Structure formats: structure tokens, C-alpha cells
Protein chains: 2
Amino acid sequence: MLDFPAPSPTDHRVRDPDRPDPDRRAADTDSPPPARQARRGHGSVTLRDVALAAGVTAITVSRYLREPQVVAGETAERIRLALAETGYVPNKQAGGLASGVSNIVAALLPNLANSIFAETAQGLSDTLQAAGCELLITSTGYSLEREEEQVRALLGWRPGGIIVTGRRHSPATRALLEGARRAGTPVIEVWDYQAGPTRGAARSFTQVGFSHEVVGRAMADHLLQAGHRRLAYVDSGIAEDYRAHERGLAFAARAQEAGAGVTHLAAPKGDPFDAGRHMLQAMLDAPARQRVTAAAFANDHLACGALLEAGAQSVAVPKRLALLGFGDFSIARQLRPSLSSVALPRYEIGVTAAQALLRQRAGDDSPGHQALPWQLMARQSTGGG
Amino acid sequence: MLDFPAPSPTDHRVRDPDRPDPDRRAADTDSPPPARQARRGHGSVTLRDVALAAGVTAITVSRYLREPQVVAGETAERIRLALAETGYVPNKQAGGLASGVSNIVAALLPNLANSIFAETAQGLSDTLQAAGCELLITSTGYSLEREEEQVRALLGWRPGGIIVTGRRHSPATRALLEGARRAGTPVIEVWDYQAGPTRGAARSFTQVGFSHEVVGRAMADHLLQAGHRRLAYVDSGIAEDYRAHERGLAFAARAQEAGAGVTHLAAPKGDPFDAGRHMLQAMLDAPARQRVTAAAFANDHLACGALLEAGAQSVAVPKRLALLGFGDFSIARQLRPSLSSVALPRYEIGVTAAQALLRQRAGDDSPGHQALPWQLMARQSTGGG
DNA sequence: TTGAAAGCGCTAACAG
DNA sequence: CTGTTAGCGCTTTCAA
């Protein structure tokens with residue numbers, strides 16, 4: 001970080017000739033003035049510079065910036081001018097250090113490129129920016145170790161709030177987050193909505209999302225209601241995506257409750273469309289007694305791959321095989337047959353989490369958990385629409 | 001921002017009983033001790049607390065944290081213990097203020113949800129995180145006014161580098177960025193690679209991207225080489241996306257050079273697949289003498305919409321109408337006919353920009369411009385693959 | 001309505 | 001190898 005000079009058109013820097021001279025200060029004491037090299041500023045325009053140009057002191061400029069109505073009209077006018085003249089940009093590090101308040105919000109998401117989390121990031125960004133907050137964002141790659149490391153680093157900025165993904169964290173992460181929350185920093189968990197990390201435990205932090213267990217069951221229900229008795233759940237290739245696994249487990253549990261057969265498959269890594277194509281092939285190639293009539297997928301890309309491959313191989317969808325996605329990406333309703341899927345509040349999770357955070361920052365200490373609505377979109381690939 | 005207590009399991013806060021008492025300090029002078037209320041800390045564990053627990057002074061702990069090899073083995077051991085005991089988390093605001101160096105990198109992108117910029121964000125994040133930097137990200141919504149506002153706000157954090165999108169900025173933004181750069185802060189422009197904002201002008205900041213003019217011409221060339229003489233360019237619905245417009249202008253210029261006819265169309269706002277479908281319809285409905293035989297699109301979503309609508313209406317692609325996208329989203333090669341498109345270094349732009357920034361931060365003051373490779377993927381929709 | 005003094009938590013500079 | 005001193009640029013507290 002280097003400081004920068006005034007960006008004003010005329011670019012005449014206002015330097016303070018009165019800046020206290022450390023040697024002179026030292027002379028106030030009884031000891032002889034040591035010939036120390038004074039530390040100089042980092043070169044940027046400071047409040048003092050503006051104050052000097054306006055003929056007031058720094059604190060008055062500071063006040064004008066924070067509560068303009070307290071400053072007298074004529075003084076305010078001079079400060080306004082000085083501000084423009086010097087091109088002052090307030091140093092937020094100094095401000096945060098002095099006041100103990102920062103407008104930085106830290107967000108940890110598994111991935112920024114994935115359209116699911118990208119839209120959440122957009123929702124966070126839109127809402128926080130409107131409230132004058134800045135977004136410090138990291139991607140954990142679904143790793144709890146990286147999450148821990150990043151939480152630790154981000155806390156160094158003393159953020160005004162923290163947003164993490166999901167309810168599962170390492171013990172150390174949990175301790176750090178709990179410490180932060182005890183000290184009054186809002187902590188929000190997004191993309192999940194369920195009692196604590198272990199079944200039955202209470203919620204630790206504010207949750208904004210939905211229950212993957214409930215969605216998983218609903219996905220099974222949808223296929224069961226269409227009369228299917230031999231189901232498959234195709235999990236994503238990401239081993240650490242516990243939410244996809246939870247949906248799969250709930251899906252299987254519901255199917256078994258209903259006396260239907262369930263196969264659990266795991267998609268290979270790599271391009272998810274290709275993985276979906278591959279999984280369709282695998283289901284077609286399965287021995288007759290393992291053959292399924294309906295498959296649910298961990299995401300729409302996998303499901304679309306399967307749908308396209310089915311088209312290429314003239315496998316009748318949903319007649320021979322019904323397909324159900326998750327995420328309702330915009331491609332889902334464009335294909336023929338159209339893909340049934342679960343529409344998610346991707347963007348809304350970001351907006352709602354940011355709002356909850358801002359509310360808590362403003363002093364509201366209600367838990368603020370929010371179960372957000374999702375919707376199973378029944379389309380042609382499962383015999384609907 | 002509120003500070004947080006030690007997150008150590010035992011959570012025994014180490015508070016400094018020796019913390020200098022301001023009243024006692026005042027007593028050193030000749031004036032009578034004023035009964036001022038001392039300002040208290042913000043409640044977090046500080047370097048002093050750790051130092052006290054380790055039986056050293058703050059500066060030694062600070063040194064241990066920054067250059068451990070300078071500290072004696074036995075002292076280091078005690079500090080290590082004290083660090084763990086207190087659960088110290090360094091205050092980066094204080095550190096940045098004191099040292100004038102910050103590991104924050106600010107990035108301004110038009111949009112975080114758009115898969116193009118989302119992947120760039122991921123590239124930035126991956127590379128900067130590996131280098132110990134933090135990413136402060138904002139979305140401008142393609143607005144130069146918002147960009148200006150955000151640059152101003154972000155500079156308040158005295159970032160170690162700034163990444164902006166494109167080479168067009170408001171004059172005030174430009175002045176701010178130039179001030180920052182003069183002071184040694186790297187400024188990188190991504191997603192463009194062209195001489196200055198006005199034709200012929202020199203580049204102002206380091207550019208990492210590609211020339212949209214060259215790509216636009218290449219898109220026209222591809223269609224011309226396939227024998228098309230009546231072309232269309234379908235621009236995006238985003239009025240402020242000057243890069244899409246530049247591609248369109250270059251596309252038209254190249255077509256006209258070759259004596260071919262060109263129509264410029266603008267897609268409506270809203271779902272880009274639907275917009276693409278709508279534009280296909282518009283082209284089919286055009287009067288015979290305006291009928292085109294090939295269309296290039298501002299992005300793959302528009303092109304896919306058109307491709308799917310063509311399929312639905314049994315319009316032969318590429319026989320009756322060739323279609324060419326931009327972006328090479330993964331769906332492009334999945335559809336039948338597969339969509340020709342321009343593959344872009346979406347992720348690489350982020351990685352390369354971050355590397356350039358880190359290099360400049362480390363003192364390399366070469367311009368560091370980087371033209372990144374793109375590739376026209378000739379597939380079935382234009383008679384290839 | 002404005003100012004003086006002190007301090008936020010840390011690091012640079014120098015001394016030992 | 002460790003400590004002392006001063007100061008980064010701002011805000012809080014109190015006084016006028």
C-alpha cells in the first residue's frame with residue numbers, strides 16, 4: 001500500500017508546515033533533544049492538510065465529514081472548498097482504528113464462479129453497497145481448513161460482519177466466529193437452514209437459506225407421486241459439498257419410506273455436462289434389475305447433460321427415464337423436453353443475509369433466522385408442464 | 001465493527017495492568033493533572049497482552065510475527081505459547097496504518113453473477129489468496145458513475161492494488177487512479193487491450209485482456225469465409241457494455257470492407273435465452289431484402305436462445321442461417337447443432353491480472369500489458385466441426 | 001460551535 | 001537479539 005497524492009486538477013498539494021516537529025517536542029522535556037529521525041507521513045493528503053487549507057483544525061473537518069449539520073455554515077463552506085482543492089480521501093484504516101467501527105463485511109463462499117454462489121455474491125454486493133459497506137470476499141473451495149485460515153485472516157480487519165457458507169465449520173472456525181459474535185459482530189450462515197451442525201443441536205449463528213433435507217425429500221416425493229418405484233440420486237463430483245449429500249440422503253430416506261428402490265451414484269469430476277451425459281449412459285448400461293425409471297441430480301448442469309445425451313440416444317424422457325435437476329438454471333426451461341428442477345433463492349439469499357447483517361449491526365439482537373422459499377418446477381422431464 | 005475476545009478454549013483474557021495511565025502521564029508535565037476520562041481499548045487482545053504473557057515487549061512479538069528468525073529460539077517459544085493462550089488476532093487496520101502497507105486488493109467488476117466476470121473474480125481470488133492478499137470487490141453494474149463512487153470509497157482503504165474493468169472511466173475516476181498509480185499503487189485494467197480511451201491515445205494503466213475490435217473483425221471474417229454476404233450483429237441489451245458495441249462496430253466495418261451487407265440489431269432486456277429466441281424470430285420475419293444468412297451475437301446465451309428457437313421452428317442451422325456466439329459457455333458445445341463461439345480467457349484474465357499486480361507491488365515497474373489469447377471455435381452452427 | 005489532549009494498535013527508527 | 005520512543009491518521013472525551 002502506498003499513499004497517493006491529491007487527484008485534484010491543479011494537483012497542488014497542501015503540506016503542513018506546522019506539523020509538530022518531534023525534536024521540538026522532545027525539547028519540552030528536561031533531557032537533551034535526541035537527534036532522532038522523525039517518522040514522516042506516508043504522503044497522502046490528511047485531515048490536517050484539509051484543515052490547514054480551510055483555516056480550522058483537523059477535528060472540525062472530521063466533524064464536518066461525519067455530522068455536517070453541527071458545523072457552522074460559513075466554516076462548512078470553507079471546508080468544502082478545501083476538501084475539493086486537496087482531493088482528500090479519508091483513510092479508513094485510521095478511522096476504523098480510532099473508532100473501533102468498520103464498514104467491511106467479510107464473506108466466505110465455496111466458489112465465486114459457480115452460478116449459485118455468484119448470484120449470492122451479487123445479492124450481497126448490491127445490498128451492502130447500498131448501505132455503504134464494502135465486501136471482502138474469499139472462496140474456500142469447499143475446504144473447512146481454508147475456511148478456518150480465511151476467517152482468521154479476515155477477522156484481522158475487524159469486520160462489521162461475517163458471512164459464511166453452511167453450518168459445518170472446523171472447531172477452531174467455530175471458536176473464532178463465536179468470539180466475534182460475543183463481541184457483537186454479526187455472523188450469518190447462508191445456504192443452509194437446519195438445527196446445529198450435529199443433529200438436534202441448536203443453531204449457533206443466524207441462518208439464511210433452506211433445509212436441504214426438506215428439499216431432498218421433496219425431490220423424492222415428486223418422483224414417487226409420478227409413480228416411479230426405482231429411483232437414482234446422482235451426487236455431484238465435489239466430495240466436500242455436504243449439502244448435496246444431505247439432499248441425497250434425504251432423497252433416499254424418503255424413497256425407502258415409500259418402499260421404493262434407490263441407487264446412489266456419484267458423478268465424475270470435470271465438465272458437469274459431460275459428467276451428466278456419462279451418468280445417463282451408466283444408468284442405461286446398468287443390469288436390468290438395477291435399472292431406474294427416474295433420476296434426481298445434484299445440480300442442473302448434470303441433469304442437462306443427461307437430458308441432452310438422452311436426446312442424442314433417443315431415450316424417451318420422461319417415459320423411459322424421468323430427470324429432475326436442482327437449481328433451476330435458465331437453460332432448464334429452454335431445452336426440449338424442458339427440465340424439471342428446484343428453483344432456489346440464489347440472489348435473495350445474498351440480499352436477505354446482508355439485510356440480516358445490517359439489522360444486527362444496527363443493534364437488533366433477535367436471532368433473525370430466515371428460511372427462504374424454494375419451488376419445485378415440474379416440467380416435461382418428469383411428466384409435467 | 002466490534003472487537004472480539006480471545007477464542008482460546010480456556011478464554012482467559014490477558015489484560016495489561018501496567019497499561020500506561022494517562023493521568024499519570026499528564027502528571028509528568030508541570031500543569032495539574034486534569035481529571036480526564038481515559039480512552040479504553042476496544043476490547044480485543046492486543047500485542048501488549050501477548051507480550052505481557054510472554055514476558056517481553058510488544059515490539060518483540062511484532063517482530064516474531066513478521067520475521068521469526070530474528071527472535072531467539074527460547075523467546076520465540078514463549079511468544080508462541082502466549083499467542084495460542086491469548087488467541088491473538090492481529091489488527092490489520094493498525095498494522096496498515098503504521099506501516100503504510102496493506103494486503104487489500106480492490107477489484108471493480110461490472111457484475112459478479114455474469115459467468116464471464118464471475119470466473120475472473122475466481123481467478124483473482126485464487127491468485128491473490130495464494131499470495132496472502134485479500135480481495136475487496138464491488139460491482140459497478142456497468143455504470144461509470146458508480147465506478148467513480150466506488151473507486152473513491154475503496155481508495156480509503158489504501159489498497160495495495162486496484163483492478164478495474166475496461167479502459168473507459170469517468171475523468172474523475174481516471175484522476176483518482178492516476179494519483180494512486182503515481183503513488184506506487186498498481187492499477188490494472190482487465191477485459192480490454194487497446195490503446196487509450198480515445199483512439200490513438202497511449203495506454204494509461206496496465207491492461208490484461210484482448211482487443212474487442214480484433215475479435216469483432218475475426219467474427220465477421222469467420223462468417224465471410226463461409227461465404228455469407230448478408231450478416232447481422234445482435235448486440236446485448238446492456239447499453240453501457242461498450243466492449244460489446246466495439247465488437248459490433250468492428251464486425252460491421254470488416255463486413256463492409258468485404259462488400260457484404262450488415263444489419264445491427266439490439267436484443268431486448270430480460271432473460272438472454274428468451275431475448276435470443278426473440279431475435280431469431282425478428283430475423284426470420286424481416287422483409288426479404290433485409291434477410292440475413294448469418295448472425296453473430298454479443299454472448300452465448302443470446303446465441304443459444306436463437307439456436308434453440310431455430311430448432312423449435314425447424315430452421316436449418318447453418319444452412320438457412322448460421323449462428324455465432326461469444327464467450328464459449330459450456331452449453332455451446334453441448335447443443336445440436338453445436339454453437340460456434342469465441343473462447344475467452346475468463347479465468348486467466350483474473351489470474352494474469354493478479355500476477356501483474358503482485359509483480360508491480362513487488363517493485364517491477366515495467367508496463368506489464370498482456371494480450372491474452374482467445375480462440376474462435378468453429379462448430380456446426382457455422383458449418384464447422 | 002470549535003479546539004486541545006489523548007489514545008486506537010501497530011511498526012519504523014534508532015539505541016543498546 | 002531486545003527495548004525505547006515516536007508516530008501512522010483518525011476519533012473520543014472533555015473544555016471552552
Side-chain angles (χ1 to χ4, degrees), chain A residues 1 3 16 19-23 25-26 29 31 34-51 54-67 69-76 79 88-101 156 158, chain B residues 1 3 16 19-23 25-26 29 31 33-51 54-67 69-76 79 88-102 156 158:
Chain A
M1 180 183 74
D3 286 293
D16 184 355
R19 184 161 272 186
D21 177 347
D23 290 345
R25 251 194 211 181
T29 75
S31 54
R36 261 174 196 288
Q37 167 75 26
R39 253 173 105 185
R40 299 293 199 64
H42 295 132
S44 67
V45 176
T46 72
L47 224 34
R48 286 184 63 94
D49 299 327
V50 179
V56 292
T57 55
I59 184 62
T60 305
V61 180
S62 171
R63 266 201 209 97
Y64 169 77
L65 257 17
R66 284 171 299 124
E67 9 176 25
Q69 70 284 2
V70 174
V71 176
E74 204 250 343
T75 314
I79 293 179
Y88 174 69
V89 178
N91 184 329
K92 296 198 187 175
Q93 299 192 152
L97 177 59
S99 69
V101 174
R158 303 295 188 263
Chain B
M1 179 184 74
D3 288 293
D16 184 356
R19 184 161 271 186
D21 177 348
D23 289 345
R25 252 193 208 178
T29 75
S31 53
R36 263 174 194 289
Q37 166 75 25
R39 253 172 104 188
R40 298 294 197 64
H42 294 133
S44 67
V45 177
T46 73
L47 223 36
R48 287 183 63 94
D49 298 327
V50 180
V56 293
T57 56
I59 187 65
T60 305
V61 180
S62 172
R63 268 202 207 95
Y64 169 78
L65 256 17
R66 285 172 298 125
E67 9 177 25
Q69 70 284 0
V70 175
V71 175
E74 204 249 344
T75 313
I79 293 178
Y88 174 70
V89 178
N91 184 328
K92 296 196 186 173
Q93 299 193 151
L97 178 59
S99 70
V101 174
S102 131
R158 303 296 189 263

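The structure presented is a predicted model; accordingly, all values stated were derived computationally and were not measured.
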Closest listed nucleotide, where the reference is the side chain of B/Ala72 and the choices are D/dT4, D/dC1, C/dT11:
D/dC1

Minimum-distance nucleotide (side-chain atoms of B/Ala98 versus C/dT11, C/dA4, D/dC10):
C/dT11

Gap between atoms OH and P, on B/Tyr64 and D/dG3 respectively (whole Å):
16 Å

Mind calculating the distance between CD (A/Glu67) and P (D/dT11) to the nearest angstrom?
10 Å

Would you say B/Thr46 reaches C/dG9's phosphate, i.e. side-chain N/O to OP1/OP2 under 4.0 Å?
no

Nearest whole angstrom, please: distance from the C1' of C/dT11 to the CG of B/Leu65.
12 Å

Please check the phosphate of D/dC8 (OP1 and OP2 only) for any side-chain N or O of B/Ser99 closer than 4.0 Å.
no

Toward the 5' end of DNA chain D, which comes first, B/Ile59 or B/Ala94, by nearest nucleotide?
B/Ile59

Within less than 4.0 Å of OP1 or OP2 of D/dT12, is there a side-chain N or O belonging to A/Arg66?
yes

Are A/Leu47 and A/Tyr88 packed together at the side-chain level, in the sense that at least one heavy-atom pair is separated by less than 4.5 angstrom?
yes

Selection from C/dA12, C/dC10, D/dC8 that lies nearest to any side-chain heavy atom of B/Tyr88
C/dC10

Is any side-chain nitrogen or oxygen of B/Thr57 closer than 4.0 Å to OP1 or OP2 of D/dG3?
yes

Does A/Val56 offer a backbone N or O that forms a donor-acceptor pair with the side chain of A/Thr60 under 3.5 Å?
no

Between D/dG3, C/dT2, D/dT12, which nucleotide has the shortest distance from any of its atoms to the side chain of A/Thr60?
C/dT2

Residue pair B/Leu47/A/Gln69 against DNA chain C: nearer the 5' end by closest nucleotide is A/Gln69

Please give, in whole Å, the distance from D/dA15 C1' to A/Arg63 CZ?
11 Å

Heavy-atom side-chain proximity of B/Thr46 to B/Asn91 below 4.5 angstrom:
no

Show your reasoning for whether side chain to side chain contact (heavy atoms under 4.5 Å, CB included) applies to B/Val50 and B/Val45.
CA-CA 8 Å; B/Val50 180; B/Val45 177; 4.2 Å; yes

Rounded off to whole Å, could you give me the CD-to-C1' distance for the B/Gln93 and D/dC10 pair?
11 Å

Any sub-3.5 Å donor-acceptor pair from A/Ser62's side-chain atoms to A/Ala58's backbone N or O?
no

Separation of D/dG9 P from A/Arg48 CZ (nearest whole Å)
10 Å

Rounded to whole Å, please give me the gap between NZ in B/Lys92 and P in C/dC8.
22 Å

Could you state the atom-to-atom distance from CG of B/Leu97 to C1' of D/dC8 in whole Å?
4 Å

